[in-house]
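Here is the structure we will look at, set down as C-alpha cells.
Naming: A, B, ... by sequence-line order, numbering from 1 per chain. The structure displayed is predicted, hence computed values, not measured ones.
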4 protein chains.
Amino acid sequence: MPETVIPAAPTRRGRPRSQQSERAILAAASELLEEQGFAQFTIEEVSSRAKVGKATIYRRWPTKGTLAFDAFQAQFARQPLPDTGSLRGDLLAALRSWIRAVKGTSTGRTLRGLIAEVQRDPELADVWRDRFVQPVRTRNRTMFDRAVARGEIAADADAEVALDLLYGAGYHRLLQSHLPLSDRFATTVVDLMVSGLGAGEPGGGSSGA
Amino acid sequence: MPETVIPAAPTRRGRPRSQQSERAILAAASELLEEQGFAQFTIEEVSSRAKVGKATIYRRWPTKGTLAFDAFQAQFARQPLPDTGSLRGDLLAALRSWIRAVKGTSTGRTLRGLIAEVQRDPELADVWRDRFVQPVRTRNRTMFDRAVARGEIAADADAEVALDLLYGAGYHRLLQSHLPLSDRFATTVVDLMVSGLGAGEPGGGSSGA
Amino acid sequence: MPETVIPAAPTRRGRPRSQQSERAILAAASELLEEQGFAQFTIEEVSSRAKVGKATIYRRWPTKGTLAFDAFQAQFARQPLPDTGSLRGDLLAALRSWIRAVKGTSTGRTLRGLIAEVQRDPELADVWRDRFVQPVRTRNRTMFDRAVARGEIAADADAEVALDLLYGAGYHRLLQSHLPLSDRFATTVVDLMVSGLGAGEPGGGSSGA
Amino acid sequence: MPETVIPAAPTRRGRPRSQQSERAILAAASELLEEQGFAQFTIEEVSSRAKVGKATIYRRWPTKGTLAFDAFQAQFARQPLPDTGSLRGDLLAALRSWIRAVKGTSTGRTLRGLIAEVQRDPELADVWRDRFVQPVRTRNRTMFDRAVARGEIAADADAEVALDLLYGAGYHRLLQSHLPLSDRFATTVVDLMVSGLGAGEPGGGSSGA
DNA sequence: GATTAAGCGAGACGGTACGTCAAGTCTTGTT
DNA sequence: AACAAGACTTGACGTACCGTCTCGCTTAATC
C-alpha cells in the first residue's frame, strides 16, 4: 500500500519529483491542520509555509481534501489492536482508544473536517474509503474472528454491521454533538452490542439473527 | 417552536419584513438544493433566483448553513413514528423509513451536505442539534417507552445509546459510503440491537464502567 | 468627451460606484507607472496600493492596458499647440516639445509600453486610437490650417500624411532606438518636410497616383 | 554575419548541438507565429511541437523574443532593393514593397508583436537593432547614394532622417492603425519627401537642409 | 397627514482563495 | 556535453463568493 495519496508521475522520464518538497508540503500541512484546523486550511497557506509553488502541490494532490488526508494520516497514529481475551473487552478497548484519540483533540477536529470534506469532494471520498475506512475496518474485523475462534459468537455473525454499530455510534456523537463521548457511553454501547436489549419474545418480528 | 430559524425583527416600528420575500427565498433555496446540492448552494445564487437582495437574506439567516437548514426542513418531511406492537418491529420500520428517505435521494445528498456544514459553522451546529437532532430523538424515544410499558425491555435500558446505535450505523454508511444502506443491513442492525452478539459469558471482559 | 475609459454602470440601480476608489486606483496606477514602468505594472500591485479589491478594478477597466492608459493620460499633459507664425516654426516647436516630453522620461517609457500593449490588446487599441491618437492629430492639424490661411502651403496639402512623417519619424526612433532623438534630428526632419529632398526633375519616377 | 541569434557553444568537447533540433525548433516557431501570432507564442508550445526540451531552446536563445525574431527572419523575406533610375521611383517602390509585405499579413502581425516585445526585452532590443533595423537601413541607404551619384540630391543630404521619414510614417500607420496603409499614402509620403511642403519663404526659419 | 424607521432590490465594496498559466531554471537517465 | 522530459520556483492572472455597505424607493405605525 502506498504511503500517500500522491499519484505516480505519468512517466519515468524527466526530472523526478522532489521528495524534499513533498516532505516540506506534508510537514506544513500537518502543522497547519494542528494549529488552525481544517477551516483555515488553505493551499495558499501550505504553499507559503512550505516555500513551495502552488503548482507543486497541485501536481501531487488533486484537491485540498486529499492533501489534508495525507497530512492527517501521519497525525492519526494507527492504534494498536486490542487483544484482551474476550470480545467484550476488545470492543470496549477499541472504542475507548478511539474516543481518547478524538475527543477534544486536534485530531478529532481534523477528523470532523475531513469527513465533512468527504461529502463534497468525490476524489477525496474514494481515497477516504479505500485508504482509511477499509483498512481500519479490516484490522478491526480480527476482533470478531478471534471471538468466533473462541466460540464466543456464531461463525456467521455479521462483523460488518457490528463495526457499523460500534463506530457508527461513536462518529454519531462526534459529528452531531448531541451527547458527550463519555466513558459510560462506551460501556453502554458495548454492553448493548454484546447482550442486546433483550426484547426477543413479546412482540417478535422475524427474530433470525 | 418556531417554524424557521429566522430571528424576530428588533422592533415593531418601520416597514415590516416581507413574508413574500421570505417565501421566495425558501422556495429558491429548496429548489437550488434539490437541483444542485449543497456544494453549489450559494447565497448569491439564492438571492438571484429569488429576486431578493442579499441583505434581505442575511437579515433573516446568519449563515448559509442556517438557510439551507430551513430549506431542508420542508423537504425532509417528518416521518410518521411507527407503531407495530413490538420494539423490533418499530426499530426496523423506523430505520427502513429513514433509509428510504435518504438513499439515492436529493434529500440524502442535502443531509450529507448539511452534516458537513455543521462541522464548520457553529451557528448551524446549535440550530442543527436543537431543531433537528433533538426533536427527532425525542420522538423516537417513544418506541422505547412503549417497549418498557409492554415489558419487552428493562425500565433502565439506555434509549439514548440505543438510538445512537440505530441511527449511528445508518449515518455511518451514509457518510462513509463503505457499504450500501441495504434492507439486509437494516434487519441485521435491528437484530443485533435486540438480541446482541450473544457473547456474555465465555470471555467475560472487564465488565465494569 | 469622457474623462476616462471607464464604462458606465449598466443600470442606475444599486450602490453607485465609489469615486474615491476610482481616484485611489488611478493615483496608485500613475504612481506605479512612474516608479516602475509598464513592465512591472500589475493589477495586483495597483489593487494592493490603492487598498481596493481586484474586482473593483476589473469592474471599471476591462484590461490592464486600459487602466494604464487612463493613468497615463494624466501624466502626459497635453502640450500647448505652438503658434510661431510659420509652419516650419510650428512643426519644429511641436516635435521638440514632444521629444522633450518623451526622451529619457518615465512618460516616454510608459508611452513605449503602451504602444507595445496596443499591439496585443484590441480593447486598448480602440481606446488608444480614439482617445489619444485622433485627438492629438486633430489638434495638430491646426498648424497646417494656419499655414494654408497664410498662403504658405497649397490648400490641398495632405496634412494627415505630413503628420505621419513628423511624428512617425519621432516614434520610429523612440521605438527602434537605432538613433537618438537629438535636436539636430528634429531640425532635419522639419527641414526635409518643408523643403523636400529637392529631387523633383532629373530622375522623375511614376509621378501619377 | 551569422544566420541566427544562436550563440556558439562554449567549447568543442562533449556532444555537439543537434542541427536537427535547431531546425525543428525554428520550424515549429515559424509555424506557430504564422498560425497564432505573437500573443499565443509560448516557448512551452514551441518545445512541445518541436518535440524538444525547453532547455534545448534556452541553450540557443536567451529569451522568447530572440527565438521569435529568428523565426520571423525566415518569414520576412528580404525584399529586393529597387533600382528604378530615380530616387522618387526607388522610394516609392521600396515603401510599396514593404506595405505589400505587412498589410493584412501574418508577417505584419508578427512584426507588430516583435516591435512590442522589443520594448520590454532588452536582449531582443539589441538583436533587433543590430540584426534587423541596421541591415535594412544600410541596404536602403544605397538608394540615396545612387541619387547623389546621379546628382539628384545634395551630397550632404541626411539619408538617415530620410529613412526615418519613409519607414517611420509606414510603421506609424502599422502600429497605431489610425489610417490605412493605402497606395495613395505611399505616393503622398514619397512626394512630400521629394518635393517638401513648399513652405520656404513667408515664415522662414533656418532653412538650411 | 406628516413623520419616521425599517425593509426592500440592486449592486458595489474590500477581501480571500481559488486553480491555471507561462516564465526561465534545474535534474534525471540516455545518447 | 547535449539530449527529451518534465520537474522546479515565482508571480500574476481573472473569477467566484463571502458578508457588509450604500443607493433610491416603499411601506406601515406613530405622532
Side-chain angles (χ1 to χ4, degrees), chain A residues 9-18 20-21 40-45 47 50-60 62-64, chain B residues 9-18 20-21 24 40-45 47-48 50-60 62-64, chain C residues 9-18 20-22 24 40-45 47-48 50-60 62-64, chain D residues 9-18 20-21 24 40-45 47-48 50-64:
Chain A
T11 78
R12 292 263 163 232
R13 292 180 300 181
R15 179 176 174 174
R17 296 206 181 137
S18 157
Q20 191 184 316
S21 293
Q40 333 293 351
F41 183 83
T42 65
I43 297 279
E44 205 115 295
E45 178 66 13
S47 138
K51 291 181 194 318
V52 142
K54 281 201 282 178
T56 300
I57 298 179
Y58 282 112
R59 201 170 289 120
R60 289 169 169 74
T63 64
K64 86 168 172 173
Chain B
T11 83
R12 291 279 164 215
R13 304 217 350 149
R15 177 172 174 178
R17 293 203 183 143
S18 158
Q20 191 184 317
S21 294
Q40 334 293 353
F41 183 83
T42 66
I43 296 280
E44 207 112 296
E45 179 64 13
S47 140
S48 144
K51 289 183 192 318
V52 139
K54 282 203 282 175
T56 302
I57 298 178
Y58 282 110
R59 202 170 288 122
R60 290 166 169 76
T63 64
K64 87 167 173 172
Chain C
T11 78
R12 294 260 161 234
R13 292 180 300 183
R15 178 175 176 174
R17 296 205 182 139
S18 159
Q20 191 184 316
S21 294
E22 211 153 295
Q40 334 292 352
F41 183 83
T42 66
I43 297 278
E44 205 117 295
E45 178 65 13
S47 141
S48 144
K51 291 180 193 317
V52 140
K54 280 202 280 177
T56 301
I57 298 179
Y58 282 112
R59 203 170 287 122
R60 289 168 170 77
T63 63
K64 87 168 171 172
Chain D
T11 83
R12 292 280 163 214
R13 307 212 350 149
R15 177 173 172 179
R17 291 202 184 145
S18 157
Q20 191 184 317
S21 293
Q40 335 292 353
F41 182 83
T42 65
I43 295 281
E44 207 113 295
E45 178 65 14
S47 138
S48 143
K51 290 184 191 319
V52 139
K54 284 203 280 176
T56 301
I57 298 179
Y58 281 109
R59 202 170 288 121
R60 290 167 169 76
W61 290 274
T63 65
K64 88 167 171 170

Next on the checklist: Quick check on dG14(E): is either OP1 or OP2 less than 4.0 Å from any side-chain nitrogen or oxygen of S47(C)?
Outcome noted: no
Item to check | Spacing between Q40(C) atom CD and dC13(F) atom P, to the nearest angstrom | outcome: 12 Å
Checklist entry - Considering residues at least two apart in sequence or located in another chain, which fulfil the side-chain contact (heavy atoms from CB on, under 4.5 Å) criterion with P16(A)? => result none
Item to check | Length of the line joining K51(B):NZ and dC25(F):P, which is rounded to integer Å | outcome: 21 Å
Checklist entry - Atom CD of Q20(B) to atom P of dT27(F): distance rounded to whole Å? => result 11 Å
Next on the checklist: Measuring to OP1 and OP2 of dA2(F), would you say a side-chain N or O of T56(D) lies under 4.0 angstrom away?
Outcome noted: no
Next on the checklist: Suppose we screen for side-chain contact (heavy atoms from CB on, under 4.5 Å). Which residues come up paired with R15(A), at least two apart in sequence or across chains?
Outcome noted: none
Checklist entry - Considering residues at least two apart in sequence or located in another chain, which fulfil the salt bridge (charged side-chain N to carboxylate O under 4.0 Å, His left out) criterion with K54(A)? => result E44(A)
Checklist entry - Are any of R17(B)'s side-chain N or O atoms less than 4.0 Å away from OP1 or OP2 of dG7(E)? => result yes
Checklist entry - Would you say R59(B) reaches dC8(E)'s phosphate, i.e. side-chain N/O to OP1/OP2 under 4.0 Å? => result yes
List every contact pair, protein side and nucleotides 19-22 of chain E side both N or O, where the distance is under 3.5 Å.
from: dG19(E); atom 1: OP2; to: Y58(A); atom 2: OH; distance (Å): 2.3
from: dG19(E); atom 1: O5'; to: Y58(A); atom 2: OH; distance (Å): 3.4
from: dG19(E); atom 1: N7; to: K54(A); atom 2: NZ; distance (Å): 2.9
from: dG19(E); atom 1: O6; to: K54(A); atom 2: NZ; distance (Å): 2.9

Checklist entry - Nearest nucleotide by nearest heavy atom, which residue falls closer to the 5' end of DNA chain E, R15(B) or I57(C)? => result R15(B)
Item to check | R60(D) versus T56(D), closest heavy-atom pair with distance | outcome: NH1-O, 3.0 Å
Checklist entry - In whole angstrom, what separates R60(C)'s CZ from dA12(E)'s P? => result 9 Å
Item to check | For Q20(C), side-chain contact (heavy atoms from CB on, under 4.5 Å) partners two or more places apart | outcome: S18(C), R23(C)
Checklist entry - Excluding sequence neighbours, so at least two apart, what forms side-chain contact (heavy atoms from CB on, under 4.5 Å) with A50(D)? => result A24(D), I25(D), A28(D), V52(D)
Next on the checklist: If the cut-off is 4.0 Å, is S21(B) near the phosphate of dG7(E), judged by side-chain N/O to OP1 or OP2?
Outcome noted: no
